[in-house]
Amino acid sequence: MFPEYDVIVAGAGHAGCEAAAAAANLGSKVLLITMNMQTIAQMSCNPAMGGIAKGQIVREIDAIGGYSGIVSDKSMIQFRMLNKSKGPAMWSPRTQNDRMLFAATWREMLELTPNVDFYQDMVKSLLIKDKRACGVITGLGHEIKAKSVVITSGTFLNGVIHIGEKRFGGGRVAETAATGITEQLVELGFESDRLKTGTPPRVDGRSLNYAKMEEQKGDEEIVGFSYKHVAKPTEQRSCWITYTNQDVHDILKTGFDRSPMYTGRIEGVGPRYCPSIEDKINRFAERDRHQLFIEPEGWNTVEIYVNGFSTSLPEDVQYKALQTVPGFETVRMFRPGYAIEYDYFPPTQLTHALETKIISNLFFAGQINGTTGYEEAACQGLMAGINAHQKARALEPVILKRSDAYIGVLIDDLISKGTEEPYRMFTSRAEYRTLLRQDNADLRLTELSYKLGLADQQRMDKVIEKREGTEKIKSILKDLSLDPLEADEFLQSKNSAPMPHKQKSLQVLLRPNISLVDMQQQLPTIKNALVGFDRDAIEQAEIQIKYDVYIEKEKEIVKRMSQLEDLVIPDSFDYARVAALSNEALQKFKRIRPRTLGQASRISGVNPSDVQILMVYMGR
């Protein structure tokens, strides 16, 4: 019934979809197995993509040739560039999406991808031979062989849903949990643990009073995620902001004695940076209100996602508390919020290729590695799919460094430090964030992907055009002089000092509050000089000019640190022979087995002196 595949992907969430698309586009024959063909690429939680640091990840996925950016742009109902008041290293794109259109677009793109087959079934165990994954066994009893296997189980591994005192098995509401894989892997020597996440109630938008809320419109300029040209919507849907209050908090507290979180029924650790509403009012007792974002679920639905009100309290308590939120006095609830516990495998058991150390040809991506969020899952799926293809063809793995991409930071954090709570990406996690901006993901990553065979010629041509255009604009501004007679009125409008004499355009651009777009619009000399250059090249030239000192400084740091990254530790290295290592460093080096001295230096609990000792010993 089934041929032998190059790659089998188990699970069709964000990680699984990207893994299947990447491996297939590289030329592998792929089977995507999902428990429900109707929930491929389901947005299980909020109907949005991107945000702070997450938006950078989506742009990186797109630059490499993944699908998440294109799907997000095609299904967006609102776009905002966050942090525009800060420097460009902090700018983060975010879309509000049509939940059903997002999933339908993903499925359509996968179905149009040659080499992807689909099968609806549960993967209950793996085929293992000589410590190598060579296929899967499904719930219906099919043995399907493959050269590589990618597990992207999301919240389904032994998933348990909690609503108040009610507790039942499930990977998502109204969907069964997946069983068998955890038990098999633990028997093979893997370490597993439990995590918890949650989701808020969904409500009827017709029952809300928006006059009592603050409207949050989308940006006038829709940038989007994809570097490819994707048609943008001509209109946008607004989101809304309201707040909890002390009355809401008091009602919520009446359910604490029935809360699975406080009665000990939930054992898994929840996400620190996206806590439930009951966790917020408990941890931040001094605050008398918390912000709620009222997010529409799509173009043609009245369903509303109440962002910020994630909860697993009893349904009656959820409903009473919601009725006390301004604008929610006559609210109708479609379904209550709930918490879900699931199995994950601490990611220190993986290599940087996302391949397990115990079983070769087996790859993990997404929440099975302890992450939270669609974007974190999608980028792991992309890299796991690439490396599953590489392994199936006996090719070298593709590994992004911390200085290459946020994706590299995320994977290195997971592999080197592990996580005991759901991991979420922030700009602060990236030490080279001035280099890893959302605007230059294509310049950083597309050439690598093109050489690999994933990014197509059209993408590469656009990158070359942008790179050459950026350099030409910088050269023009360096040589082109501006006359005070032309520029002074413009400078006055920007509260900038007049020019005493002619100045190069580049020097004027370096002034505070002066943008190249404004210069182009208001100064004929600049407008004429920049005819024919597109928006991306103009923006890129401005950023590189204004932040040149910081960019060069960071590049110098990367260069210095790369000396440690280039010092490879042999797999056979015996750490026990290095007597001067601290006990903690010895234990962690033996467990994690860092690939380089750079990775060794980032392991939690390892001191600089341990790294220096290791360096000296290896030098011997």
Side-chain angles (χ1 to χ4, degrees), residues 39 42-47 99 154-156 158-177 194-209 212-213 240 242-268 270-271 274-283 289-297 301-342:
T39 55
Q42 177 87 299
M43 291 180 126
S44 306
C45 203
N46 63 321
R99 183 188 298 278
T155 58
F156 280 76
N158 293 319
V160 175
I161 291 172
H162 298 266
I163 305 174
E165 294 171 304
K166 298 169 186 173
R167 180 180 186 272
F168 48 92
R172 219 169 10 220
V173 72
E175 294 184 57
T176 57
R194 300 283 278 175
L195 288 178
K196 166 241 167 193
T197 190
T199 193
R202 310 299 200 271
V203 303
D204 187 338
R206 296 169 299 184
S207 65
L208 303 182
N209 182 359
K212 293 189 175 182
M213 306 180 202
W240 304 82
T242 186
Y243 297 86
T244 64
N245 52 47
Q246 196 56 55
D247 290 339
V248 177
H249 300 177
D250 290 342
I251 293 170
L252 290 169
K253 287 174 186 174
T254 65
F256 277 15
D257 61 333
R258 293 182 286 155
S259 163
M261 209 167 72
Y262 296 121
T263 55
R265 286 193 299 278
I266 291 179
E267 297 174 1
C274 189
S276 64
I277 188 67
E278 55 265 40
D279 199 16
K280 279 192 273 194
I281 64 174
N282 191 41
R283 278 167 50 191
R289 70 174 194 170
H290 293 281
Q291 194 172 51
L292 303 178
F293 292 93
I294 311 309
E295 301 178 347
E297 296 260 352
T301 179
V302 297
E303 190 171 353
I304 295 290
Y305 180 91
V306 189
N307 193 340
F309 207 89
S310 175
T311 180
S312 58
L313 287 168
E315 294 161 79
D316 60 319
V317 176
Q318 292 186 36
Y319 185 55
K320 284 177 190 170
L322 276 176
Q323 288 178 306
T324 319
V325 173
F328 278 66
E329 292 81 4
T330 58
V331 66
R332 289 189 295 274
M333 192 162 72
F334 281 165
R335 67 176 167 93
Y338 63 87
I340 182 164
E341 273 188 295
Y342 55 94

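What you see is a predicted model; the values in this text were computed from it and never measured. Index from 1, following the sequence.
In terms of heavy-atom proximity, Gln318 sits nearest to Phe309 at O-CE2, 4.4 Å. Taking all atoms of both residues into account, the shortest heavy-atom contact from Asn245 to Thr324 is ND2-O, 3.3 Å.
Taking SG from Cys274 and CG from Asp279, the interatomic distance works out to 10.5 Å, rounded to the nearest 0.5 Å. With rounding to the nearest 0.5 Å, the separation of NZ in Lys280 from OG in Ser310 is 8.0 Å. Note that CD of Glu341 is 5.0 Å distant from CZ of Arg194, once rounded to the nearest 0.5 Å. Expressed to the nearest 0.5 Å, how far CG of Asn158 lies from OH of Tyr342 amounts to 13.5 Å. With rounding to the nearest 0.5 Å, the separation of OG1 in Thr242 from NE2 in His290 is 13.5 Å. Interatomic distance, Glu175 CD to Thr155 OG1, rounded to the nearest 0.5 Å: 8.5 Å.
A distance-only check finds no donor-acceptor pair linking the side chain of Ser259 to the backbone of Leu313 [under 3.5 Å]. At distances below 3.5 Å, at least one donor-acceptor pair connects side-chain atoms of Tyr319 with backbone N or O atoms of Val331. In this structure, the side chain of Thr311 does not engage the main chain of Ser276 through any donor-acceptor pair within 3.5 Å.
The ring-ring contact (aromatic ring centres under 6.0 Å, His included) check on His162 picks up nothing, with sequence neighbours excluded. Looking at residues two or more places apart in sequence or on another chain, you find a salt bridge (Lys or Arg N to Asp or Glu O under 4.0 Å) between Glu329 and Lys212.
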